[in-house]
Structure formats: C-alpha cells, structure tokens
Student: 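Take this structure first; my questions come after.
Chain letters run A, B, ... following the sequence lines, proteins first, then strands; residues in each count from 1.
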Amino acid sequence: MSSDTVRVRFAPSPTGFLHVGGLRTALFNFLFARKTGGKFILRIEDTDRTRYVEGAVENLIKTLHWAGLEYDEGPIAGGDYGPYVQSERTDIYKKHIEILLEKRVAYRCFCTPERLEQMRKEQEKKRLSPKYDRRCLLLSEKEVQDSIASGKPFVVRMKVPEHVPVRFSDIIRGEVEFMSDRVDDQVLLKSDGYPTYHLANVVDDHLMKISHVIRGEEWLSSTPKHVLLYEFFGWELPKFAHLPLLLNPDRSKLSKRQGDVAVEDYRAKGYLKEALVNFIALLGWNPGDEREIFTLEELEKEFSLERVNKSGAVFNIEKLNWLNFQHLRRKPDTEVLAMLKEYLTHSQNSLQFTVHSSQFDDQYLLSVIGAMRERVTFVKDFVEKSPYFFQAPKAYDPAVVKKRWNQQTPEHLKVLVDEFSQLVSPQKKDYEAALHRAAESSKIGNGGLIHPLRLAVSGMGEGPGLFDIVLILGKEETIRRINLAIERIK
RNA sequence: GGCGCUAUCGUCUAGUGGCCUAGGACGUCGCCCUCUCAAGGCGAAAACACGGGUUCGACUCCCGUUAGCGCUACCA
C-alpha cells in the first residue's frame, strides 16, 4: 500500500452465528485499528451459496455491535470501497480472472468433479499428496475454445510455478517458507461463476487497500496461494498476522460438542460483553505486566500485535466466570439495577414473587444489589442465590435445619418475635439489639438465635449479613416468616 | 501420509543469555477475618516435553526427537 494508513478487516462467512473464535479475530482487528488510528472494515464472504444461512449477516452485525466492535466500513454502513458483500462483487472477480488468464498464470479446467475425485483417490492410494494433475493445462487453445463454445462447465485454476520457494513474513510467526511444489493449482473461479475464498480474498484486500491481514492460524497454510496471487497481479503484499487458535479443554480446535461456541450462547447465559471481550483478549495476548481486568477502551490503548502469542489457548470457562464477576462488581448500581429489572421481567413466569406483592421498587432492588454484590457472578444470581428476597422460602435446607434447629428453637424465636414486634421503624442496629435482648432473656448465645433466624427468613444457611437481610425484608415480612418457619420446621 | 505451525504450573500467561532458588492470574487446598456464605488478607501445592549442541553461563539461541494442532475441496 502506498499510504501508511492501517486498514484491517474482519471477513466472516455468514453461515450461522458468530463463533467466539471469530469474535476474537474481530476483536484483534478492531483493537489494532483503534490503536493505530486505522480503519476497521467488515466484509461478508458469502461466495459459497450452498452454505448461506438466512439472517446470518444481520446476526453477525448485531453481535459485533453488542460486543462494542463498531466497524468503520462495511455492509449497511457503507464506505468508499464497497460493496462489502462478496456476492455483489462478482463482476470484479470476473474482470480479475480475465487478467490472470491473459497473463497465462491461470487456466480453465474442464475436469468433472467425478474425475477429480477419482484422481484424488488414486493419489491417495499411491500415498501422494492430493494435487490437481494439470491435465487441462495441456489443452490446446482450440480445444479450450471448443469446450467453451459447447457450453462445457469449467473452473479457472491458478498456475502455480514449479519448484520455487514462496516466502512471506508473518508479524506473529516470523519468516515462513513453503515450496511451490506443495501448493495445489487452486480453483479461483468456480463453475457457478463465483470466486473461491482465495481469489476473492486477495482481490478484495487489494482493492479495499487492506494493510494488515489479521486472521486465524488455519489460514497460514493457504497463504502461499495468496502470496502467489499478489505476485501474479503485481500487487504489493499486505502484512500478515496469523492468530493462534482457540482450543477446547482437550486442546482440539474449539468446537461445539464440548460447550458453547456461539457468542449468542454466552450472551444468553448472562455473560457481560465486558467480561467476554476481556477474556478473549487475554487468550493469546497480554499487556506485559500483571493487569488482568480491562475495558474495551483500555484494550484499545494497550493492544499490540507484537505481544500476541504463537500457541493456541484453551477457552477456560472458570476464568471467564471470574472476569464476569469482576466486571459485574465494577458496574454502578444503577446499571446493575437496570439489568436486574430486565431479568426480572423476563423471568416472571417461572417465579412466584410473594414479597411486597409482585412489584419491587427500585429502592428495594437496590438494597438487594447492595447486599448481594460480592456474592454474584451473573445478574441472574441475584434471584438464584437469594430467592428469599423475592419470595418466602418454600423449603428449608435440611442440613442447616439439622445443624441449627433444635427443640427449643421455636420457643426462642417466639421471644424474638415479641421483641421485633415492639420495634418502631427499626434500623439494622435496632434489630440487632432486639435479638440480643431475646437471646439474653432465653439465656442462650446470640448464635442460637441468629442461625435459626437466618434459616427461617431465607430457608438456607448462607448469604449476606443476617441483619441486612432482615432490614431489607422489613419487620412484617420477617415476623411472618419466623411464624411460618415455626409452623413448618419440625 | 505430505506440508506447515506450536511446545513454561491443571488452565491463561510473564520471561527476548546471567535479575529465575522461574513471577502473576484463574482454579484447588489451608489459615485469618466472621452470625453463615461470599468478598478481602496471608500462605501452600503446582511448570521450563525430551536429547544433543553453541556459550564462562541457557527457560531463553541452533539441531534433532516426541507430542499437539492446522491445512491438504468447485468450504471459508
């Protein structure tokens, strides 16, 4: 490229949902663009009509937007180098195929898929690496013209030069070299008139003035084909950076079967975009110091390709959970409140809220958030880990009953109810003092009352400070629950 | 099979020849705090794949072995 402006692209093919590996590739491209003041471009690689999925493009854009990775040029948004959807650029590819044909660095191939398959089988039998045998390269000009005239379907293949080293420099991996003999005469234009990835990719990257090709490591092996194509056209090579793969816990390439791979899945499970972005940024990249928690804005400032690793990284859900916890904790109350309300309205059906009718005012929810903040990883945990703030206990944890509840407990709690009943607009310290008085008059330790009370109001043996719970629930509800527990726990 | 890439605690990683008796984080375990559970604090167990070189000196450089992964389509 003549200018030194950084232009990078994320070029997914719309075959379904956005894969977390794809999001990572998109993120690194985005961060590199932001860091260098360059442009981040979205290009849709939909040249395989058989794999096209309805709505996939919209979903891709939606998911990228959710993650905060806004593109500067691309479908819908537009830009000076469009269209950004490859299926709308077929004329461009055809024009470039003509150039290659003209230069004799590409040729038409009339071989049928059946013959190709047969050929491959035989090569495999002889333990040769499968490679097109160049039969159609031997066709005379007349034979070619006749075949075209007779309407025989054909593809266009690149003519790979024999026995020359193909070298390129990868920002992450250094110098990489392949011998051209190992490179197949790759199909560039399919018989349906659509280009293959290899052609479309090179043509578009050049035409869109892409300065850095940042993509997954699975593309490293086909890069020689691309390098050759740039040479054929006489174009300057972009810089390459092949990112390490994301792996399953068993170190195979990240896939379904072993968990969720769609960004949508994580979003649906309640993961914050901040956590997911932070997590995948750390998969293959690190700042060089000991910081772990990053916002997207911080990543934009810190990122560099030089600090990207070479080896694959296992997608470790435990750390993602921890990051979700960290990012959730850092959110202001008002934001958490909005998320909690959103969650509550969507889960109304499965829960029967019995506290304070079915509506919880902001003040109430805010106090629940304050009490549970240190104890939740997901927004849903506010309800799942402390359901007692939303409904009276339906059952009492048997293990806790066994440990904290004895024959005298109901008597002691009755004394406590008396003490609580006399309180007027009690504060936390008032409940505490009342409990102390009740314990004293029953001649038991505070713990003998605290634990049963916790069980009575929450049904479980864990949670925020007991007096925080009682204060949040309020005097009436607390007394109601104590009486309920006395009736129900035997 | 061929070609290519990779190789530090279970996992993510720091480390660019002496600072390494290898640092941090997640997870695990223990202790402290404490009405419980968390959070927090403190601490523990836990790694340089192997073998050769190069060098006064290798986790770091080179070679080989092994292992893992990727590619090997008219898919991207």
Student: Taking pairing as Watson-Crick or G-U wobble with both contacts under 3.5 Å, can you name the mate of rU55(B), or confirm there isn't one?
Tutor: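 Partner of rU55(B): none found under 3.5 Å.
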
Student: Under 3.5 Å, is there any donor-acceptor pair linking the side chain of Arg454(A) to the base of rC35(B)?
Tutor: yes

Student: Do Glu217(A) and Leu243(A) have side chains that get closer than 4.5 Å, going by heavy atoms?
Tutor: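 No, their side chains stay 4.5 Å or more apart.
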
Student: Tell me if the aromatic rings of Tyr271(A) and Phe279(A) count as close, with their centers under 6.0 Å from one another.
Tutor: no

Student: In whole Å, measure the gap between the P atoms of rG24(B) and rC33(B) for me.
Tutor: 25 Å

Student: Could you give the distance separating rA38(B) and rA45(B) at their C1' atoms, to the nearest angstrom?
Tutor: 24 Å

Student: Take atom P in rC59(B) and the same atom in rC48(B), then report the distance between them in whole Å.
Tutor: 11 Å

Student: So does Asn309(A) get a side-chain nitrogen or oxygen closer than 4.0 Å to the phosphate oxygens (OP1/OP2) of rA14(B)?
Tutor: yes

Student: Mind calculating the distance between CZ (Arg291(A)) and C1' (rC26(B)) to the nearest angstrom?
Tutor: 18 Å

Student: For Glu432(A), which residues count as a side chain to side chain donor-acceptor pair (under 3.5 Å) partner, sequence neighbours excluded?
Tutor: none

Student: Tell me whether the side-chain N/O atoms of Thr47(A) come closer than 4.0 Å to OP1 or OP2 in rA76(B).
Tutor: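 True: Thr47(A) side-chain N/O within range (under 4.0 Å) of rA76(B) OP1/OP2.
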
Student: Roughly, in whole Å, what's the span from CD1 in Ile293(A) to C1' in rG24(B)?
Tutor: 13 Å

Student: Can you name the residues that form a ring pair (Phe, Tyr, Trp, His ring centres under 6.0 Å) with Tyr431(A), not counting sequence neighbours?
Tutor: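 If we apply the ring pair (Phe, Tyr, Trp, His ring centres under 6.0 Å) test to Tyr431(A), skipping adjacent residues, the hits are Phe420(A).
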
Student: If pairing requires Watson-Crick or G-U wobble contacts with both distances under 3.5 Å, which nucleotide is the partner of rA22(B)?
Tutor: none

Student: Which residues pass the side-chain contact (heavy atoms from CB on, under 4.5 Å) test with Ser222(A), sequence neighbours left out?
Tutor: His198(A), Trp219(A), Lys225(A), His226(A)

Student: Write down the distance between CG (Asn321(A)) and C1' (rU11(B)), rounded to a whole number of angstrom.
Tutor: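 Answer to the nearest Å: 13 Å.
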
Student: Could you give the distance separating rC3(B) and rU8(B) at their C1' atoms, to the nearest angstrom?
Tutor: 28 Å

Student: Looking for any heavy atom pair under 4.0 Å, which part of the strands does Arg182(A) touch: base, sugar-phosphate only, or nothing?
Tutor: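 Sugar-phosphate only.
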
Student: Within the structure shown, what part of the strands sits under 4.0 Å from Arg49(A) by heavy-atom distance: base, sugar-phosphate, or nothing?
Tutor: nothing

Student: In whole Å, what separates the C1' atom of rC69(B) from that of rA49(B)?
Tutor: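 Taking atom C1' in both rC69(B) and rA49(B), they lie 16 Å apart.
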
Student: With the threshold set at 4.0 Å, does a side-chain nitrogen-carboxylate oxygen contact exist between Glu477(A) and Arg481(A)?
Tutor: yes

Student: For Phe240(A) and rG4(B), what is the distance between atoms CZ and P respectively, to the nearest whole Å?
Tutor: 18 Å

Student: Can you tell me which nucleotide in rU6(B), rA76(B), rC3(B) comes closest to the side chain of Tyr197(A)?
Tutor: rA76(B)

Student: In whole angstrom, give the distance that lies between atom NZ of Lys319(A) and atom P of rU11(B).
Tutor: 13 Å

Student: Less than 6.0 angstrom separating the ring centers of Phe168(A) and Phe240(A), yes or no?
Tutor: yes

Student: Looking at rG2(B), which nucleotide sits across from it as a Watson-Crick or G-U wobble partner, both distances under 3.5 angstrom, or is there none?
Tutor: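 Paired with rG2(B), as far as the under-3.5 Å criterion goes, is rC71(B).
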
Student: Given the P atoms of rC19(B) and rG27(B), what is the spacing between them in whole Å?
Tutor: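 Comparing P positions in rC19(B) and rG27(B) gives a spacing of 31 Å.
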
Student: How many Å lie between CZ on Arg9(A) and C1' on rA76(B), as a whole number?
Tutor: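 The answer, rounded to whole Å, is 12 Å.
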
Student: Just call it for Glu292(A): base, sugar-phosphate, or nothing, with non-hydrogen atoms closer than 4.0 Å on any strand.
Tutor: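 Base: the residue Glu292(A), judged by heavy atoms under 4.0 Å, touches a nucleobase.
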
Student: Would you check, one step at a time, whether the test ring-ring contact (aromatic ring centres under 6.0 Å, His included) holds for Tyr194(A) with Tyr93(A)?
Tutor: CA-CA 8 Å; Tyr194(A) 279 83; Tyr93(A) 307 125; 8.9 Å; no

Student: What residues form a side-chain contact (heavy atoms from CB on, under 4.5 Å) with Arg404(A), not counting sequence neighbours?
Tutor: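 Checked Arg404(A) against side-chain contact (heavy atoms from CB on, under 4.5 Å); matches are Val400(A), His451(A).
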
Student: In whole Å, what separates the P atom of rA25(B) from that of rA44(B)?
Tutor: 12 Å

Student: On RNA chain B, nearest-nucleotide positions of Leu282(A) versus Arg404(A): which is more 5'?
Tutor: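 With Leu282(A) and Arg404(A) compared, the 5'-side residue is Leu282(A).
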
Student: Using purine N1 to pyrimidine N3 plus N6-O4 or O6-N4 for Watson-Crick, or N1-O2 and O6-N3 for G-U wobble, both under 3.5 Å, which nucleotide pairs with rA49(B)?
Tutor: rU65(B)

Student: Is the closest basic N to carboxylate O distance between Glu292(A) and Lys319(A) below 4.0 Å?
Tutor: yes

Student: Out of rC35(B), rC26(B), rG4(B), which has the shortest distance to the side chain of His451(A)?
Tutor: rC35(B)

Student: Please determine, for rC9(B), whether a Watson-Crick or G-U wobble partner exists with both distances under 3.5 Å, and give it or none.
Tutor: none

Student: Taking the side chain as every heavy atom from C-beta outward, state whether Tyr84(A) and Ile44(A) have any pair of such atoms under 4.5 Å apart.
Tutor: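 No - every pair of side-chain heavy atoms lies 4.5 Å or more apart.
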
Student: Would you mind reading off the distance between Asn316(A) atom CG and rU11(B) atom P, rounded to a whole angstrom?
Tutor: 9 Å

Student: What does Asp48(A) touch in the nucleic acid at a heavy-atom separation under 4.0 angstrom: a base, only the sugar-phosphate, or nothing?
Tutor: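 The answer is sugar-phosphate, as Asp48(A) gets under 4.0 Å only of primed atoms, P, OP1 or OP2.
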
Student: Is there a Watson-Crick or G-U wobble partner for rG43(B) with both distances under 3.5 Å, and which nucleotide is it?
Tutor: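 Base partner found: rC29(B).
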
Student: Would you measure the distance from the P atom in rG4(B) across to the matching atom in rG51(B) and give it in whole Å?
Tutor: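 Each nucleotide's P atom is 26 Å from the other's.
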
Student: Is Arg251(A) close enough to rU11(B) that one of its side-chain N or O atoms is under 4.0 Å from OP1 or OP2 there?
Tutor: yes

Student: Any idea which heavy atoms bring Ser13(A) and Arg51(A) closest together, and the distance?
Tutor: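 Scanning both residues completely, I find the closest heavy atoms to be OG-NH2, 4.1 Å.
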
Student: Produce the list of close N/O pairs, under 3.5 Å, pairing protein atoms with atoms of nucleotides 70-74 of chain B; give distances to one decimal.
Tutor:
from	atom 1	to	atom 2	distance (Å)
rG70(B)	N2	Ser221(A)	OG	3.3
rC74(B)	O2	Ser191(A)	N	2.8
rC74(B)	O2	Ser191(A)	OG	2.7
rC74(B)	N3	Ser191(A)	OG	3.0
rC74(B)	N4	Cys111(A)	O	3.4

Student: Could you list all N or O pairs between the protein and nucleotides 37-44 of chain B that sit under 3.5 Å apart?
Tutor:
from	atom 1	to	atom 2	distance (Å)
rC37(B)	O2	Arg375(A)	NH1	2.7
rC37(B)	O2	Gly463(A)	O	3.2
rC37(B)	N3	Arg375(A)	NH1	2.3
rC37(B)	N3	Gly463(A)	O	3.3
rA38(B)	O2'	Glu374(A)	O	2.6
rA39(B)	O2'	Arg329(A)	NH1	3.0
rA39(B)	O2'	Glu374(A)	OE1	2.5

Student: Under 4.0 Å: is that the gap between some side-chain N or O of Asn286(A) and OP1 or OP2 of rA14(B)?
Tutor: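 So the side-chain polar atoms of Asn286(A) do come within 4.0 Å of the phosphate oxygens OP1 or OP2 of rA14(B), strictly under.
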
Student: Could you state the OH-C1' distance from Tyr431(A) to rC35(B), rounded to the nearest angstrom?
Tutor: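 So the two atoms are 17 Å apart, to the nearest Å.
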
